[in-house]
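Below: one structure, written as structure tokens.
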Protein chains: 2
Amino acid sequence: MAESSQSKATRSAGARGGTDRVLGELRRRIANHVLPPGVPLREQDLATEFGVSRARIRDTFGILEERGLIERIPNRGAVVTRLEADKITELFEVREALEAQMVRLATEKAPPGTWDELTELFGPSMNATLAENDFDAYEEAVHKFRQQCIAAADNAVLSDLLDSLYDRTQMLIRRLVLLPGRAQEGMRQHQEILAAMRAGEAEEAERLKRANIRSARDWFQNYQKYLM
Amino acid sequence: MAESSQSKATRSAGARGGTDRVLGELRRRIANHVLPPGVPLREQDLATEFGVSRARIRDTFGILEERGLIERIPNRGAVVTRLEADKITELFEVREALEAQMVRLATEKAPPGTWDELTELFGPSMNATLAENDFDAYEEAVHKFRQQCIAAADNAVLSDLLDSLYDRTQMLIRRLVLLPGRAQEGMRQHQEILAAMRAGEAEEAERLKRANIRSARDWFQNYQKYLM
DNA sequence: GGCGGCAATATTGTCAACAATTTTGACAGC
DNA sequence: GCTGTCAAAATTGTTGACAATATTGCCGCC
């Protein structure tokens, strides 16, 4: 995430000047629920905190709204977006398409050996870790998988869209991991995906990733009342 | 396009106040190359033209930049984005994933009979129209296909992403149609996609749509020097 | 003609003030 | 306690001025 935000700034050669710093920080806080859903955002307060003009904050708000992270209501201000269940379903449907493509492109474009280290990471030691309910290590592994695929896919447009989606859903994804049996299932799925990727079977890897996101969506729908 | 822009305004209950009007108009001009790539956009001039504050224009610029339609350079202003070949390739890769998902969802969600009228539209009379090099009718049919799929897919997040992508690529897509044989190929492909959709074969429809976008990308790459 | 220097001009970025709108708090009445 | 009214306070939206930065035009020199 931080890397992607940084790469965007680099790519635009500082196009947004001070906005990137503010934007990156607000994205982080919103994505992590440091600023939780429903919280109002005050222009002047943020301008003071970040030492920028109010105009700069308003500029940033435009971008945050476009990324679905906040909602602005005329004359009333901005609030951090609350995700409703139907919107989450929509996000999963889009995520399914984009992450499947990410995996497909990564498989097609990556040189041999790219996925060896990750395959080890998702190996027997991780199974043992999960048996002890250590979700941190699993989460970190999934994060690493994700980053490596994005890098290998080598598509900045896709990368940005995935980041944007992730900003909006990461706390939910984190909660999903806690559901009994979900992590173990996800683990198996990632192992299969990686096996297909190592074998260079892009279409199969894509199909498996698609199934992985669909199952996440199913878990969300089955446990919806505990998650929201 | 106009409908989607309108639906966004409705959904947010006027969240952006006057920004939507300005945003919609600038999107239209940029997408259609009324404001062609490379053209500078002057804040004060636009503020005067639209009768809004300069702050409102800057707000809109933030959004346009987030949608990839303009680039802003500190202290120098905004210009309409020029699409380089590698960025176009990236856009095609993303488009492939999203439009395939659009078609898949549309197939899964639409009631029987939804695609009958479109199938007729892409029928023998359109073949005859194309034989006379009447691309307008074909383009209109593809547009109608697209809109109907977006509506049937019933996913606002996906819809917005597709709109955003289309804004950025529509002039190129229009040029592609002119290439000798491209429209005829596209025509066949749409007929096949619609057949799969009518048969309720979501996965097959998706595969065919994917192939359709991939072939568009191939045509772009083969005729790149004539198109840019 | 090309280059450099410099002033004039244009444009963005910021600031402060104020208009417009909304929210909050205090109070009275039921 | 709840509701309505009204003033005070808070916040957004706009405006104009000006600082900061970049561009353009003019002139002189080689």
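In what follows, chains are A, B, ... by sequence order, proteins preceding strands, each numbered from 1.
Of the candidate nucleotides dT12(D), dT15(D), dT14(C), dT12(D) has the atom nearest to the side chain of E43(A).
The residues K87(B) and E84(B) are annotated as not salt-bridged, no charged nitrogen and carboxylate oxygen being separated by less than 4.0 angstrom. With salt bridges taken as basic N to acidic carboxylate O contacts below 4.0 Å, one links R104(B) and E108(B).
Atom pair R58(A):CZ and dT15(D):P shows a separation of 12 Å (rounding to whole Å applied). Going from atom CZ of R72(B) over to atom P of dT11(C) covers 16 Å, rounded to whole Å. F50(B) places its CZ atom 15 Å from the P atom of dT14(D), with the value rounded to the nearest Å. When the C1' atom of dC15(C) is taken as reference, atom CD1 of I57(A) falls 15 Å away, rounded to whole Å. Rounded to an integer number of Å, the gap from Q44(A) CD to dC15(C) C1' is 11 Å. E71(A) places its CD atom 16 Å from the P atom of dT12(D), with the value rounded to the nearest Å.
In this structure, the separation between CG on L91(B) and CZ on F220(B) is 9.5 Å, given to the nearest 0.5 Å.
No cation-pi contact links R56(B) to F50(B), judged by a cut-off of 6.0 Å to the six-membered ring centre and 45° from its axis.
Of the residues near DNA chain C, L41(B) and S53(A), the one whose nearest nucleotide (by heavy atom distance) lies more toward the 5' end is L41(B).
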I'd like a list of close polar pairs between nucleotides 19-22 of chain D and the protein, N/O only, cut-off under 3.5 Å.
none

Would you tabulate the pairs of protein nitrogen or oxygen atoms and nucleotide nitrogen or oxygen atoms of nucleotides 7-10 of chain D closer than 3.5 angstrom?
none

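A donor-acceptor pair is defined here as one N or O able to donate and one able to accept, closer than 3.5 Å; such a pair exists between the side chain of N155(B) and the backbone of E90(A).
The closest side-chain donor-acceptor pair between S215(A) and Q189(A) falls under 3.5 angstrom. Looking at S164(A) and R27(A), their side chains never bring a donor and an acceptor atom within 3.5 Å of each other.
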All N/O donor-acceptor pairs, side-chain side in residues 32-41 of chain B, below 3.5 Å, sequence neighbours left out:
unit_1	atom_1	unit_2	atom_2	d
N32(B)	OD1	Q170(B)	NE2	2.9
N32(B)	ND2	R28(B)	O	3.0

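Remark: the R54(A) side chain and the dG13(C) base include no donor-acceptor N/O pair separated by less than 3.5 Å.
Between R56(A) and dT14(C), a side-chain N or O to OP1/OP2 separation shorter than 4.0 Å is present.
Of the candidates L165(B), D218(B), L172(B), L172(B) is the only one forming a side-chain contact (heavy atoms from CB on, under 4.5 Å) with F92(B).
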